[in-house]
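Down below is the structure, laid out as structure tokens.
A, B, ... follow the sequence lines: proteins, then strands. Residue 1 opens every chain.
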Protein chains: 2
Amino acid sequence: MSDLDVHNLLASHNLRCTRPRVKLATLLFADGRDRHVTAEWAADALAKEGDEVALATVYNTLNSFVEAGLLRQISCQEAGRQVFDTNVEPHHHFYNEQTGELTDVPQNAFRFYKMPAAPDGAEIVDWQVTVTIRPH
Amino acid sequence: MSDLDVHNLLASHNLRCTRPRVKLATLLFADGRDRHVTAEWAADALAKEGDEVALATVYNTLNSFVEAGLLRQISCQEAGRQVFDTNVEPHHHFYNEQTGELTDVPQNAFRFYKMPAAPDGAEIVDWQVTVTIRPH
DNA sequence: TCATAATTTATATTCATTCTAATTAAAATG
DNA sequence: CATTTTAATTAGAATGAATATAAATTATGA
């Protein structure tokens, strides 16, 4: 993903092209790989490249990316830290209980013939499987 | 669940019968209902009954209960707080995105005919579905 | 170029949880 | 039953993640 692409990506999501946003978007989206990152990880990764961004800004930016639909916040995780997922398509996760690492499981890895109905007065908007794995 | 039962429950799980443990076990297990509770909720509930227990003790106790297999820690939740589940059997959850409330979904409400294989070098130890619902 | 509105930033603050060290209480022993 | 040992409780301090604040900076459009 070129500099121009990053600018287009931000612009097309109504996000101003600021230094922190460009750096973070490049870090997260440039190679098209799926990633599960914390704010601290992203801040450290930028710092290592000499692109220091204040931690508060990293939080702000990741949250704007979530609002813009560029990132997804993962709710299935070790308690106590927010994890952001670059894969915004519906999918599931392996959770390595030893390392805490999350790995994507494609949506179609699960096929079901029975699902619960939504409770009265509510609708189902998403479902997500967390598969806990243990190395042996 | 009588006082005697609570004592038996604790004793049979190698937990000393202390005031905080008896109070918490009674609060959580006496009526056999499934509950999803935070440490703060439990501390407040005891305080309202005149049975004050230090918050640190509530945390200690809930964590011992988890270790003893009397409670389960839920990993699918709003970021930032631990939720303890009195239902230790395999099951799933509705997550109300409006209120944050969790409701049990019985294990057999899902039937799959296709599940992902565990990655090399690991085994699947648990899987759990979180169904996000929205009131309408 | 200039004005203005959004963004960044350092710092302070909040909140959930754990740690510490002293006290208290439970079970085991004699 | 008294004593000893060991575990649990507790107040308060400490930690760590995330957000709020408010002043300085920067992007964008006129």
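Where B:Leu15 and A:Val53 meet DNA chain C, the nucleotide closest to each residue was compared, and A:Val53 sits on the side nearer the 5' end. Along DNA chain D, the nucleotide closest to A:Leu55 and the one closest to B:Thr57 are compared, and the more 5′ of them pairs with B:Thr57.
Residue B:Thr18 places none of its side-chain N or O atoms closer than 4.0 Å to OP1 or OP2 of C:dA26. Considering only side-chain N and O atoms, A:Arg81 lies nowhere under 4.0 angstrom from the phosphate OP1 or OP2 of D:dG16. Residue A:Arg16 places none of its side-chain N or O atoms closer than 4.0 Å to OP1 or OP2 of C:dA6. In this model, the phosphate group of C:dT17 is approached by a side-chain N or O of B:Tyr59 to a distance below 4.0 Å at OP1 or OP2. A close approach under 4.0 Å does occur between a side-chain nitrogen or oxygen of A:Arg19 and OP1 or OP2 of C:dT9.
Across every non-hydrogen atom of B:Pro116 and B:Ile124, the tightest pair is O-CD1, 3.7 Å. When every heavy atom of A:Arg35 is checked against every heavy atom of A:Leu28, the shortest pair comes out as NH1-O, 3.3 Å. Annotation for B:Pro20 and B:Val53: closest pair CB-CG1, 3.9 Å, computed over non-hydrogen atoms.
The CG atom of B:Leu102 sits 11.5 Å away from the CZ atom of B:Phe94 when rounded to the nearest 0.5 Å.
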Distance-only check: which donor-acceptor pairs under 3.5 Å involve side-chain atoms of residues 103-112 of chain B, not counting sequence neighbours?
unit_1, atom_1, unit_2, atom_2, d
B:Asp104, OD1, B:His36, NE2, 2.8
B:Asp104, OD1, B:His91, NE2, 3.3
B:Asp104, OD1, B:His93, NE2, 3.3
B:Asp104, OD2, B:Asn87, ND2, 3.0

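Residue A:Leu10 contributes atom CG, which lies 17 Å from atom P of C:dA6 at whole-angstrom precision. Straight-line distance from the CG atom of B:Asn14 to the P atom of C:dA27: 12 Å, rounded to whole Å. A straight line from CD of B:Gln73 to P of C:dA16 spans 16 Å, rounded to a whole angstrom. Atom CG of A:Leu24 is separated from atom P of C:dT7 by 14 Å (rounded to the nearest Å). Following rounding to the nearest Å, B:Arg21 (CZ) and C:dA27 (C1') show an atom-to-atom distance of 13 Å. One interatomic measurement links the two molecules: CG of B:Leu62 to P of D:dT9, which rounds to 11 Å at whole-angstrom precision. Per the geometry, CD belonging to A:Gln82 stands 14 Å off P belonging to C:dA16, to the nearest Å. A straight line from CH2 of A:Trp41 to P of D:dA17 spans 16 Å, rounded to a whole angstrom.
Backbone-only engagement by B:Asn63 is indicated by non-hydrogen atom pairs under 4.0 Å involving sugar-phosphate atoms exclusively. Looking at heavy-atom distances under 4.0 Å, B:Ala56 makes contact with a base.
Remark: A:Glu123 CD is packed, more than 12 non-hydrogen atoms of other residues, nucleotides or ligands lying under 6.0 Å away. Within 6.0 Å of NZ in B:Lys114 there are more than 12 heavy atoms belonging to other residues, nucleotides or ligands.
When each of C:dT8, D:dA8, C:dT17 is scored by its nearest atom to the side-chain atoms of A:Pro20, the top-ranked nucleotide is C:dT8. Nearest nucleotide to the side chain of A:Asn60, out of C:dT9, D:dA17, D:dT9: C:dT9.
The pair B:Arg72-B:Asp126 meets the salt-bridge criterion, since a charged nitrogen lies less than 4.0 angstrom from a carboxylate oxygen.
For the helix from C:dT1-D:dA30 to C:dG30-D:dC1, the end axes, each set by the C1' atoms of five terminal pairs, are bent relative to each other by 30° (nearest 10°).
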